[in-house]
Amino acid sequence: MEQLIQQLINGLALGSIYALIALGYTMIYGIIQLINFAHGDIFMVGAFVGYAGMTTLRLNFFASLALAIITCLLLGVLIERVAYKPLRKQTRLAVLITAIGMSFLLEYTMMYFVGPDPRAYPALPDFMRATIKITDNIVITGAQILILAVSITLMIALQLIVRYTRIGKAMRAVSQDPDAARLQGINVDTTISFTFAIGSALAGAAGVLVGVYYNSINPLMGILPGLKAFVAAVLGGIGIIPGALLGGFLIGGVETLVAGYGFSSWKDAVVFAILILILILKPSGLLGKNVKEKV
Amino acid sequence: MFEIHDLQVRYGAIEALKGISLEVNEGEIVTLIGANGAGKTTTLRTSSGLERAYRGKIVLNGADITRAPAQSRVKKGLVQVPEGRRVFPKMSVLENLQLGAYLHHDKAKNTKTLEQVFQRFPRLADRRRQLAGTLSGGEQQMLAMGRALMNQPKVLLLDEPSMGLAPLLVKEIFSIIRAINEAGTTVLLVEQNAHMALQIAHRAYVIETGTIVLSGKASELADSDEVKQAYLGG
Amino acid sequence: MSTGEGASLITAPPKPVRNPLPRPAVLGITAAILLVVWGLGWLLISVGVLDAYVMSTLTTICINIILAVSLNLIVGFTGQLSLGHAGFMAIGAYTCALITMPFSSAFPDIEIVGFILGLIGGGLAAGVVGVAIGVPTLRLKGDYLAIATLGLAQIIMVVLQNLEITNGAAGLSGIPSYVDWNWLFLLTAGTILLVSNLLGSAQGRDIVAVREDEIAASAVGVNTTRVKILAFTVGGIFAGIAGGLYASSFYVIQPQQFSFMLSINILVIVVLGGLGSLTGSVLGAIVLGLVSTFLQSYPEIQMILYSLILVLLMLFRPQGLLGNREFSVRALGRILPIRTKKESKA
Amino acid sequence: GGGSGTAASGDTIKIGVNYELSGDVATYGQANVEGIEMATEEINNAGGIKGKKIELVKYDNKSTASEATTLATKLMTQDKVIAQIGPATSGAFKATIPVADKSKVPVVTGSATADDVTVDAQGKVQQYAFRTCFSDSYQGTAMAKYAREKKNAQSAVILTDNSSDYSKGLTASFEKTFTEAGGKVVSKQSYNKGDTDFNAILTAIRGQQFDMIYLPGYYSEAGLIIKQARAQGITQPIVGADGFDSPKLAELAGKDALTNVFFSNHYSSLSTDPAVQKFITDFKAKYNKEPDAFNALGYDTLKFVANGLQGGATTGADLEKALAATKDFQGVTGTISVDANHNAVKSVTVIEMRNGVQAAAEKFDA
Amino acid sequence: MTRILDVDNVTLRFGGLKAVSEVNLTLEAGELVGLIGPNGAGKTSIFNLLTGVYPPSSGRITFTRDGKQINLGRKRPHAICRAGVGRTFQNIRLFKQLTALENVEIALQQNNGYSLFTAFTHLPPFARREEEIRERSMELLHRVGLADKALTRARNLPYGDQRHLEIARALATEPTLLLLDEPAAGMNPNETAELTEMIGRLRSEFGLTVLLIEHDMALVMKICERIYVLDHGVVIAEGTPDEVRNNAKVIEAYLGEDVDV
Ligand SMILES: Nc1ncnc2c1ncn2[C@@H]1O[C@H](COP(=O)(O)OP(=O)(O)OP(=O)(O)O)[C@@H](O)[C@H]1O
Ligand SMILES: Nc1ncnc2c1ncn2[C@@H]1O[C@H](COP(=O)(O)OP(=O)(O)OP(=O)(O)O)[C@@H](O)[C@H]1O
Ligand SMILES: [Mg+2]
Ligand SMILES: [Mg+2]
């Protein structure tokens with residue numbers, strides 16, 4: 001029993017990380033229906049910028065975090081302007097391919113400069129190293145709590161932004177019909193840039209948090225979590241912000257439980273099998289509304 | 001108030017507009033009629049900045065807006081109700097209307113405009129929480145009109161507002177257009193329903209495959225044999 | 001309405017000029033082109049231009065052509081985004097290897113039969129998997145389908161990694177190789193011909209109808225589920241054959257080779273060549289093959305250059321190299337000044 | 001077949017480098033190449049081999065076996081190299097052997113450790129394939145014996161990298177020897193390359209009784225596993241293999257966590273052997289970092305081939321004979337003799353990590 | 001006369017909304033019946049029920065062909081189509097990238113197909129069957145006046161032609177019951193007059209039963225033999241054009257006072 005609880009805690013922490021990346025994924029998907037493959041790599045850049053901040057620049061944790069967020073924000077907007085915007089009127093798959101291209105570009109440019117080897121992140125700040133012992137066998141670390149709290153807070157904040165602010169309404173309008181949005185006086189380009197800015201900033205923050213939490217970063221670190229986060233976003237209902245969180249938790253939880261009970265070599269298979277089962281039962285994800293197209 | 005000079009528009013190799021000119025004076029309803037594919041929609045889309053002019057000039061209140069981005073045209077009071085309604089399908093009726101007032105920050109004023117819109121279209125008030133995508137065709141058309149009104153337009157561009165509407169509503173829509181016009185909004189109306197359009201318009205242009213072929217007072221055109229033959233069913 | 005109504009029952013409708021070239025001419029020219037390409041291959045081999053290295057590169061290109069053509073059938077023509085094509089290929093590769101390896105040691109005199117059985121088995125196994133997994137997942141739409149296919153490919157990879165018979169992560173090695181120019185040519189040209197025949201038939205029109213508008217398609221009687229299963233199965237079979245070809249060309253197969261990245265690479269070829277253009281897929285595979293070969297001389301920055309080229313190609317030719325047009329013998333007929341009776345009448 | 005006399009004619013000797021420079025296992029490929037390039041520079045600076053400089057022809061096989069085959073063909077038929085070094089992983093390496101056979105050009109790897117790399121399915125030696133590293137069974141067996149004999153471990157938990165044949169190979173031989181010697185494997189868990197969160201499997205074993213953990217994996221994951229295990233309060237000794245040998249291990253695990261950790265390796269930085277110390281100093285000077293096992297193996301592999309070339313081989317076939325006859329070649333990773341199966345026979349050094357540094361090293365012959 | 005369609009007490013709910021509410025409706029073979037009503041009354045929803053796009057929440061829909069009764073409520077759209085119910089869409093849904101001819105061929109080949117083997121190999125009877133499909137499709141295009149635009153892509157056709165193409169495509173499914181959803185929408189009076197004439201002609205040529213949704217009263221009153229009027233999902237009136245035109249409820253809900261028809 002205790003072990004189960006501990007495993008659930010582990011799962012929740014892992015899930016929060018997927019959720020953090022998935023939030024950005026889902027936002028960007030929400031607005032231009034693009035599976036932004038480069039998202040996982042922006043997360044990687046965030047981790048490296050944070051690393052450089054804490055080592056080369058000798059900044060403290062929060063300053064480095066801010067630096068990573070700002071860099072990723074700018075990077076995300078830049079990528080959108082250069083690689084995606086010219087393709088607005090093209091098929092979604094054309095943009096998907098440039099996204100894949102950008103993903104490789106970020107990975108291998110980074111690898112060219114820092115090499116493929118993993119790097120150890122600077123030691124955890126003290127508040128993250130603290131552990132809370134609930135019983136002898138149930139332990140929560142400060143880092144786990146922090147990551148969980150950050151992902152939930154950001155989810156709520158984003159949800160509020162999208163639901164209730166002017167820019168949030170503009171984002172939804174653009175996602176549903178860009179031309180009609182233009183006719184309401186919405187600046188579509190700015191709105192899309194804004195979405196990329198937020199999504200990429202989130203990825204940057206996630207990068208630093210993951211770096212700190214796992215203590216290991218490398219240029220290809222974005223691929224796997226990026227993929228899992230994408231899956232999480234779809235599982236929750238892509239484009240739906242709370243769905244990203246739910247999907248992240250679910251995948252983190254399943255992965256941990258499967259691995260924890262002796263089937264870790266089947267972990268990914270189980271995760272994907274569950275994903276497929278859920279999609280068959282609920283074809284637009286857990287929180288997605290299965291709205292029948294009106295004809 | 002609103003002028004188009006020698007406007008040419010191309011879609012790739014297709015020349016949709018071959019140099020048309022028209023003007024709408026303040027307080028007028030001007031209608032643009034013509035067969036399917038004549039270029040009516042293209043004229044409106046280019047006017048509001050959704051398509052790029054290949055050549056020619058678009059002038060609003062004396063200012064050249066040919067290259068201005070769409071949102072700045074809306075800010076200047078040039079508002080379009082697009083062909084095919086184009087409501088935001090996954091937003092509620094209310095949210096659609098609120099988006100119409102996107103550039104207007106005066107809350108009290110917006111509330112008042114909203115009330116007016118609901119008065120004009122009571123059905124929208126009934127359905128304010130329904131997702132716009134699930135409205136019937138006619139309901140969506142009302143929503144699109146309502147959304148434009150939320151923008152408090154000076155010049156309103158209407159693209160086939162009567163399409164798909166029940167007879168009762170067609171009449172209603174046209175009387176609303178007239179009312180809107182009487183309340184001070186200048187209207188450029190694109191219509192297939194030439195009958196009704198010519199009834200409420202002051203002046204009219206007839207467009208055929210990208211060229212203006214006729215223009216004049218609406219009542220005169222309505223009586224002209226050419227127009228009768230081609231657009232009014234004999 | 002340009003035709004007078006009264007005439008409708010009296011005059012027969014005009015025949016549209018769709019094929020400027022008569023059918024026998026199309027067949028003849030196609031056969032001639034195929035023969036020339038095949039002969040040219042052997043000629044180049046005999047004079048040593050096509051040396052072992054060029055052949056190896058050519059093999060990769062041919063395998064990619066088969067993969068891209070079969071994926072294009074699913075993505076470009078049926079309109080179903082699949083991110084799991086590598087899964088079909090993996091099944092084909094492993095099945096083929098597991099048939100050829102024991103066969104060649106059991107019947108060393110007729111080894112080649114084992115290879116043929118391997119290819120057939122690989123294609124069928126992948127096709128069967130296509131049906132088995134297709135049926136439940138095909139009601140998913142768009143990106144939900146994409147993620148399900150990705151998941152299925154991932155599951156296949158994990159299974160291969162854990163099974164005894166597939167030798168886990170180490171994979172299978174020492175797979176006998178029988179692939180020569182005849183095989184490459186036969187399988188590649190065969191795939192292109194069969195798929196393009198399918199697309200040029202009533203079933204092909206059904207496929208495209210599903211892509212264009214599923215609701216309208218079912219409203220005119222197209223069984224959309226059946227069509228999608230057909231596309232996935234046929235696509236799967238050919239991907240399986242490509243897998244068999246791969247296993248037999250490169251001696252070693254391991255589960256990781258059939259990862260998500262491979263599926264992505266095939267998709268890149270398809271989009272680069274042009275969605276909905278078979279000849280585009282062929283061209284895409286060749287162009288990307290040449291680009292990779294060219295980049296081999298810059299090992300350190302190979303991937304950086306590759307990704308830049310990818311992005312630039314898409315930015316400058318977003319519809320893909322050929323868009324959705326085909327380069328075909330018929331199109332040739334439109335270019336060449338050959339006049340046929342039908343055309344002059346029209 | 002290629003591999004004609006042109007390979008060594010002219011004033012350079014061409015050696016092919018076919019490595020994983022991008023993709024999944026770029027880490028190992030690039031590390032190997034660093035060692036190879038350093039060794040080449042040393043040899044060339046010292047006047048080359050019989051006056052001829054070594055020229056490396058380097059390609060990136062992108063961590064795929066088929067690309068490795070194609071590039072091997074390119075190296076042997078177009079570039080006409082006299083030998084190919086690499087690839088790093090067993091699968092990709094195996095995929096180049098048929099090409100080597102056809103072209104009669106030896107292929108030598110510094111890190112493909114699977115047992116069946118140098119022998120074929122029938123147990124016949126692959127004439128043109130060589131390696132300078134341990135085979136999995138050799139190292140796994142050694143560590144099982146070490147654990148039983150020196151550490152007196154009764155029971156063990158094994159954590160395997162399920163996506164790596166290296167890890168699976170070591171697991172198999174360790175488990176076999178360990179149980180045959182009377183030990184008990186209490187639990188087997190696995191993970192995948194690239195994983196970062198191992199809390200699930202660690203929590204699963206935490207409650208169990210065992211004397212040690214066998215962790216045959218690479219430092220990139222092992223470092224994190226050690227860190228997370230210690231954080232969870234798992235204090236038993238952790239035993240690994242040469243995949244641990246990297247300064248990154250200490251960085252990733254953290255100095256405090258990296259205690260009571262042992263691993264089998266080719267050499268130790270504590271070694272007093274001047275060749276080893278010189279290698280370490282030179283490497284630091286050139287690359288500004290501590291060498292890891294792949295660096296050292298890459299370095300030795302090139303030197304091993306160069307050693308074979310000293311005999312004056314001008315064709316791949318000549319070189320093959322020279323390599324097969326290698327006896328007591330002094331590399332930094334040990335003294336290498338090539339056995340009948342083209343495996344490198346060298347002794348195992350077991351290194352103990354304490355507080356993040358190598359605290360002790362002892363030779364252990366299985 | 002024989003009954004071809006029997007809609008019996010059918011209801012369709014969307015969440016809380018009853019789009020169609022206990023509707024009863026029958027069609028006799030060969031009739032041309034209008035379905036009118038205000039926007040949002042549930043007309044298109046009835047078409048969607050008849051063609052299997054939505055299953056009814058309750059009630060029964062029976063379609064009779066060659067004396068065989070078919071329960072449409074449980075069938076999928078393609079099966080209903082093959083059973084003999086063809087339709088057009090209010091918002092045009094052509095296969096936009098395909099030519100006019102291909103649009104029709106796709107519909108036509110559903111009842112005139114050939115085997116998968118033939119499709120892959122193009123061996124006989126491929127050429128002959130293709131020729132047949134093409135000829136019959138051309139014939140249909142000719143009937144709606146689109147023969148000379150057979151090779152034009154649907155999306156490049158003028159709007160009115162697209163509407164005609166939808167009709168041709170529906171006819172190609174060889175229906176006995178044809179459902180037309182606002183075929184005259186977006187057409188000017190001239191074009192509408194032509195269309196009116198065409199519908200009448202096609203009905204007799206193909207022996208169709210037609211159910212027609214339309215807001216253009218000129219068209220409806222001219223060709224419909226019977227009319228159902230729907231409001232808020234409920235049938236509020238039924239009868240001949242004259243009866244309906246003078247029905248107070250209909251005037252109030254739909255027509256307005258002075259309709260000039
Ligand atoms: N996006 C486009 N791409 C290519 N051609 C287009 C596009 N939009 C319109 N056209 C072409 O431009 C011409 C004018 O079209 P437009 O939509 O302006 O006509 P319209 O008068 O509004 O017709 P309707 O009454 O059908 O709405 C037509 O020939 C049409 O086919
Ligand atoms: N998929 C759906 N989800 C929710 N509500 C729907 C859906 N489809 C239709 N409705 C609702 O059902 C009612 C009837 O719609 P329907 O489209 O049948 O109207 P209609 O009579 O065809 O109107 P129009 O003449 O404007 O086309 C409308 O209020 C509409 O909002
Ligand atoms: Mg228009
Ligand atoms: Mg309707």
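In the text below, chain A, chain B and the rest are named by the order of the sequence lines, each starting its count at 1. These figures come from a predicted structure and were not determined experimentally. Values reported hereafter were calculated over all heavy atoms of this structure, with side chains retained and with hydrogens, waters and symmetry mates removed.
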Peer 1: Does the side chain of A/Asn10 reach to within under 4.5 Å of the side chain of D/Thr203, using non-hydrogen atoms?
Peer 2: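 Counting from C-beta outward, A/Asn10 and D/Thr203 do come under 4.5 Å.
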Peer 1: Considering all heavy atoms of both residues, which atom of D/Ala26 and which atom of A/Pro116 are nearest to each other, and what is their separation?
Peer 2: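 So the two residues come closest at O-CG, 3.8 Å.
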Peer 1: I'd like to verify something: which residue of A/Asn215, A/Val139, A/Thr141 has the highest number of heavy-atom pairs under 4.5 Å with chain D?
Peer 2: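 Going by pairs under 4.5 Å, I would pick A/Asn215.
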Peer 1: Please classify the contact between D/Lys188 and chain A as side chain, backbone, both or neither, with a heavy-atom cut-off of under 4.5 Å.
Peer 2: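 No part of D/Lys188 comes within 4.5 Å of chain A.
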Peer 1: In terms of heavy-atom proximity below 4.5 Å to chain D, should A/Leu14 be classed as side chain, backbone, both, or neither?
Peer 2: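 Contact with chain D: backbone and side chain both.
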Peer 1: Could you look at D/Leu21 and say if it's the side chain, the backbone, both or neither that has a heavy atom under 4.5 Å from chain A?
Peer 2: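 The backbone, not the side chain.
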Peer 1: May I ask you to check whether over 12 heavy atoms, not counting those of D/Gln209, lie within 6.0 Å of atom CD?
Peer 2: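 Not buried by this count: 12 neighbours or fewer within 6.0 Å.
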Peer 1: Determine which pairs satisfy ring pair (Phe, Tyr, Trp, His ring centres under 6.0 Å) with at least one residue from residues 98-120 of chain A, sequence neighbours left out, and list them in order.
Peer 2: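 Listed once each, the pairs would be none.
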Peer 1: Is any side-chain heavy atom of A/Met111 less than 4.5 Å from a side-chain heavy atom of D/Gln30?
Peer 2: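 They are in side-chain contact.
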Peer 1: Can you tell me how far the OG atom of D/Ser190 sits from the NZ atom of A/Lys267, to the nearest 0.5 Å?
Peer 2: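 Result: 8.0 Å between the selected atoms.
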Peer 1: For A/Phe263, is the CZ atom crowded, meaning more than 12 foreign heavy atoms sit under 6.0 Å from it?
Peer 2: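 Not buried by this count: 12 neighbours or fewer within 6.0 Å.
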Peer 1: If you count heavy-atom pairs under 4.5 Å with chain D, which of A/Gln6, A/Arg119, A/Met221 comes out on top?
Peer 2: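 Top option by heavy-atom pairs under 4.5 Å: A/Gln6.
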Peer 1: Would you mind telling me which of D/Glu251, D/Gln232, D/Gln189 has the largest number of heavy-atom pairs within less than 4.5 Å of chain A?
Peer 2: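 Most heavy-atom pairs within the cutoff with chain A belong to D/Glu251.
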Peer 1: About how many Å separate CG of D/Asn192 and OG of A/Ser264, when rounded to the nearest 0.5 Å?
Peer 2: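 Result: 8.0 Å between the selected atoms.
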Peer 1: So if I take each residue of residues 211-223 of chain D and look for any heavy atom under 4.5 Å from a heavy atom in chain A, which residues do I end up with?
Peer 2: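 The stretch touches chain A at D/Tyr219, D/Ser220.
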Peer 1: Does atom NZ of D/Lys286 have more than 12 heavy-atom neighbours from other groups under 6.0 Å away?
Peer 2: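 It does: D/Lys286 NZ has more than 12 such atoms within range.
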Peer 1: So which of D/Ile201, D/Leu202, D/Asn199, D/Ile205 has the largest heavy-atom pair count under 4.5 angstrom toward chain A?
Peer 2: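 Looking at each of D/Ile201, D/Leu202, D/Asn199, D/Ile205 in turn, D/Asn199 comes out on top.
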Peer 1: Step through the shown structure and confirm whether more than 12 heavy atoms of other residues, nucleotides or ligands are within 6.0 Å of CG on D/Asn288.
Peer 2: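 Atom CG in D/Asn288 is not crowded, with 12 or fewer foreign heavy atoms closer than 6.0 Å.
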Peer 1: Less than 4.5 Å apart, any side-chain heavy atom of D/Asp195 and any of A/Leu224?
Peer 2: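 Answer yes - side chains close enough.
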Peer 1: For the residue pair D/Leu252 and A/Pro118, establish whether any side-chain heavy-atom pair is separated by less than 4.5 Å.
Peer 2: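 They are in side-chain contact.
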Peer 1: Could you check whether any side-chain heavy atom of A/Tyr214 comes within less than 4.5 Å of a side-chain heavy atom of D/Gln228, counting everything from C-beta outward?
Peer 2: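 They are in contact (side-chain heavy atoms under 4.5 Å apart), so the answer is yes.
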